[in-house]
There are 2 protein chains.
Amino acid sequence: MPTTDHHASMADVARLAGVSVATVSRALHGSPLVSAETTARVLAAAEELSFAISRVASGLASGRLGRIGVLVGGPLQSWFNGTVIDAVYSRLTPADVELTIFRIADRAERDRFFTRLPARRNVDALIVASFALTAAERTRLQTLGVPLVYLNQQVVGVPSVAIDDVAGARDGVSALLGLGHRRIGFVRSVGRRPGFRYSADRRVEGFRSAMTEAGVPESDQLVVDARDLDAGDEVLATVLADPDPPTALAVDSDELAIGILAALVRAGLRAPDDLSLLGFDDHAMAERLGLSTVAQPAERTATEAASLALALAAGEVPDHPTVLVPTRVVLRRTTGAPPRGPR
Amino acid sequence: MPTTDHHASMADVARLAGVSVATVSRALHGSPLVSAETTARVLAAAEELSFAISRVASGLASGRLGRIGVLVGGPLQSWFNGTVIDAVYSRLTPADVELTIFRIADRAERDRFFTRLPARRNVDALIVASFALTAAERTRLQTLGVPLVYLNQQVVGVPSVAIDDVAGARDGVSALLGLGHRRIGFVRSVGRRPGFRYSADRRVEGFRSAMTEAGVPESDQLVVDARDLDAGDEVLATVLADPDPPTALAVDSDELAIGILAALVRAGLRAPDDLSLLGFDDHAMAERLGLSTVAQPAERTATEAASLALALAAGEVPDHPTVLVPTRVVLRRTTGAPPRGPR
DNA sequence: CTGTTAGCGCCTTCAA
DNA sequence: TTGAAGGCGCTAACAG
């Protein structure tokens, strides 16, 4: 008869197997100290009782929670966050480590996280994914008491894995230049919320770098701000109203680029015939829609981050605490040579 | 000086506040048994030490884990799963309950979940989201020992919140009929993996119901199977090759519908001029692309499920254990009257 | 190789 | 209104 509730506990397993709970614990964790036959007996008993270990009890006793946190900015269903969470999950599960999400989608959640510190004493490591932190916040994270891994942002002295946003944007814009475009616009999604712009600024930097290198004076480097991810129509209108409209647009996210693509179709125009369009990310929809883009291997980045977190949680000292993952320009059907207008 | 590690524990707070740990515990939980001034003193001390409660310790002692699980089928970044997880998170966080994800994306994960039962003794309640379960699996879940809430699937005797897939599809197809279409095809995304088709079958049922009601004989009810979400081109090809091609397509998911839309554009055709297109879900991209669809309020469904789970976790008996959420047909720019061809 | 013995940090009676 | 004490289920020395 089980002890407290109707779940079998280790004591029950121990009784059934005719050993002590310590032995059960060892056997369940595959300790080599336990003889093969005892282990088998314990496993059979556990199976018999549908025993599942109590993670809280084991966490309390061992000091290892068996849980890693991911701190994300914005909604969980965004392409980036979803991809990251999925990839981290994939990496943690085989290691029998659970995933806890901490979301910071608005000011309130931000305050809550940094004042209450729900990650404290609650995860073995924390992956901080891709959103701007103030210096004060970074300091506070440091004092959290858990190992940190930064994802898509580099911080000196802290393990991190990131893509090179500058290089990614530069390569993308270079590809457009290579197609013959000279007048290229860069569209930046600027949320009004401070601290939520991930790498947007660095991508603009990459754009400017490529353009300058190509001999386009800074004053001719057109940067358009998009209010949010649904501002496709506005962006297109702005761009078309330009006295010298661009023949290509590099956009800092696929989600926004797709909105612009839709606006284009709606306006009776076509990509790349009327305007070349290049996104950034390689969202699942990008391939489906034939959108050219600068692909960032988010799953790979996230997987690396998870591996790092796992190592840190285990008390190991990683030999490559900071990883840089390359992006890749993928030209599909929305980019081509510039139209040969009168210009 | 803190006891074991460098995190403050309740004992430290108690010492600083000059009270017992029992009082600290009560004060932190807002017990009315503690005097206002004592509470204030404790809170101040906790703040001073950046104290955060150890959830494992409190979970072990109280028997309440403060954690609710969500079991999802397929990748976390899919529209549905992402939306559900986000909404559940939103509902749980204010209640200070954490979220643990259990993903079943393939056969291996399925086996793992049902044999190891990682949710056992590890969450206070489990939300089972939208994927087909075998009878054996359902039984096994029942014996899990935690309250269950089914999301988008109805099970007698188990609390659930779901949309009416049959009615949703029927309404959508009726809307197409209302536009004048008679020859309508239904596209069903059939993964080859058994048990992973959520509501696909029920949506076909809704389609048939609407068509039959409109007097279209069953033999004229065209149902096309899509290999996966990226099979837009194939589906379009199949449909166009039909001796009597449909003038409208009802698709059982927006993600697939978008792929078909892209295939259409690629083929030099247009919606709705050449073919009307109706999705299902109301994916974020649907609005962006102007896709007509049967909107299912996934956040609302998920929020309701989370509320139910919270109540069950607290030991309450919900008075409305089963909730049915209505869908809504949203006609945007991909649907219109059928082309008046010679036929 | 296995058992015994202390806790891990908190919650919860029971007393006061 | 507060404190003392026991125990939640497991792990980790320490014996044997």
Side-chain angles (χ1 to χ4, degrees), chain A residues 1-43 45-46 49 51-67 96 120-122 124 145 314-315, chain B residues 2-42 45-46 49 51-67 96 120-122 124 145 314-315:
Chain A
M1 183 72 107
T3 45
T4 45
D5 52 23
H6 64 287
H7 291 302
S9 74
M10 270 200 188
D12 302 309
V13 178
R15 209 165 303 136
L16 184 56
V19 296
S20 71
V21 287
T23 298
V24 173
S25 174
R26 292 187 192 109
L28 255 26
H29 291 293
S31 163
L33 294 178
V34 185
S35 78
E37 63 172 333
T38 305
T39 299
R41 200 143 32 91
V42 169
L43 260 35
L49 299 174
F51 171 82
I53 203 166
S54 163
R55 292 180 81 95
V56 291
S58 122
L60 180 58
S62 71
R64 313 219 36 265
L65 287 332
R67 177 183 307 288
D96 203 33
R120 183 160 221 155
R121 309 176 80 194
N122 195 21
D124 292 325
Chain B
T3 45
T4 43
D5 53 23
H6 64 285
H7 292 301
S9 72
M10 270 199 188
D12 301 311
V13 177
R15 210 167 302 134
L16 183 57
V19 294
S20 70
V21 287
T23 299
V24 173
S25 174
R26 293 187 190 109
L28 256 26
H29 290 294
S31 163
L33 294 178
V34 185
S35 77
E37 64 171 333
T38 304
T39 300
R41 199 143 34 89
V42 170
L49 298 175
F51 171 81
I53 203 167
S54 163
R55 293 179 80 96
V56 291
S58 100
L60 181 57
S62 71
R64 312 217 39 263
L65 288 329
R67 178 183 306 289
D96 202 34
R120 182 161 221 152
R121 307 176 82 195
N122 195 22
D124 292 325

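Just so we're on the same page: letters track the sequence lines, and every chain starts at 1. If you're wondering where the values come from, they're calculated on a predicted model, not measured in any experiment.
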Rounded distance (Å) that lies between atom C1' of D/dG9 and atom CG of A/L49: 15 Å
Within the 4.0 Å heavy-atom criterion, would you say B/V19 contacts the bases, only the backbone, or no part of the nucleic acid? sugar-phosphate
For nucleotides 10-16 of chain C, give me one character per nucleotide, 5' to 3': B if any protein heavy atom sits under 4.0 Å from the base, S if the only such contacts are to the sugar-phosphate, - if neither. BSBB---
Sorted by chain and residue number, the side chain to side chain contact (heavy atoms under 4.5 Å, CB included) partners of A/L16 (sequence neighbours excluded) come out as A/A45, A/E48, A/L49
Judged by atom type as modelled, is there a donor-acceptor pair below 3.5 Å linking the side chain of B/R41 to the main-chain atoms of B/A36? no
For A/L43, give me all partners under side chain to side chain contact (heavy atoms under 4.5 Å, CB included), at least two apart in sequence or on another chain. A/L28, A/T39
Sequence neighbours excluded, which residues qualify as side-chain hydrogen bond (donor to acceptor under 3.5 Å, both in side chains) partners of A/T38? A/S35
Please collect all side chain to side chain donor-acceptor pair (under 3.5 Å) contacts where either partner lies in residues 16-28 of chain A, sequence neighbours excluded, each pair once. A/S20-A/T23
For residues 56-65 of chain A, which side-chain donor-acceptor pairs fall under 3.5 Å, sequence neighbours excluded?
unit_1 : atom_1 : unit_2 : atom_2 : d
A/S62  : OG     : A/S58  : O      : 2.8
A/S62  : OG     : A/R64  : N      : 3.0
A/S62  : OG     : A/R64  : O      : 3.3
A/R64  : NH2    : A/A313 : O      : 3.1

With sequence neighbours left out, the residues meeting side-chain hydrogen bond (donor to acceptor under 3.5 Å, both in side chains) with B/S54 are none
Taking only side-chain nitrogens and oxygens of B/S20, does any of them come within less than 4.0 Å of OP1 or OP2 of D/dT2? no
Minimum heavy-atom separation for A/R121 and B/F51, please, with both atom names. NH1-CE1, 3.4 Å
Just to be sure I understand the geometry, which residues of residues 31-41 of chain A put a non-hydrogen atom under 4.0 Å away from DNA chain D? none
Could you state the atom-to-atom distance from CG of B/L60 to P of D/dG6 in whole Å? 18 Å
To the nearest 10 degrees, the angle between the two end axes of the helix from C/dC1-D/dG16 to C/dA16-D/dT1 (five pairs per end) comes to 30°
Using the side-chain hydrogen bond (donor to acceptor under 3.5 Å, both in side chains) criterion, which residues pair with A/S31? Sequence neighbours excluded. none
side-chain hydrogen bond (donor to acceptor under 3.5 Å, both in side chains) partners of A/R55, counting only residues at least two apart: none
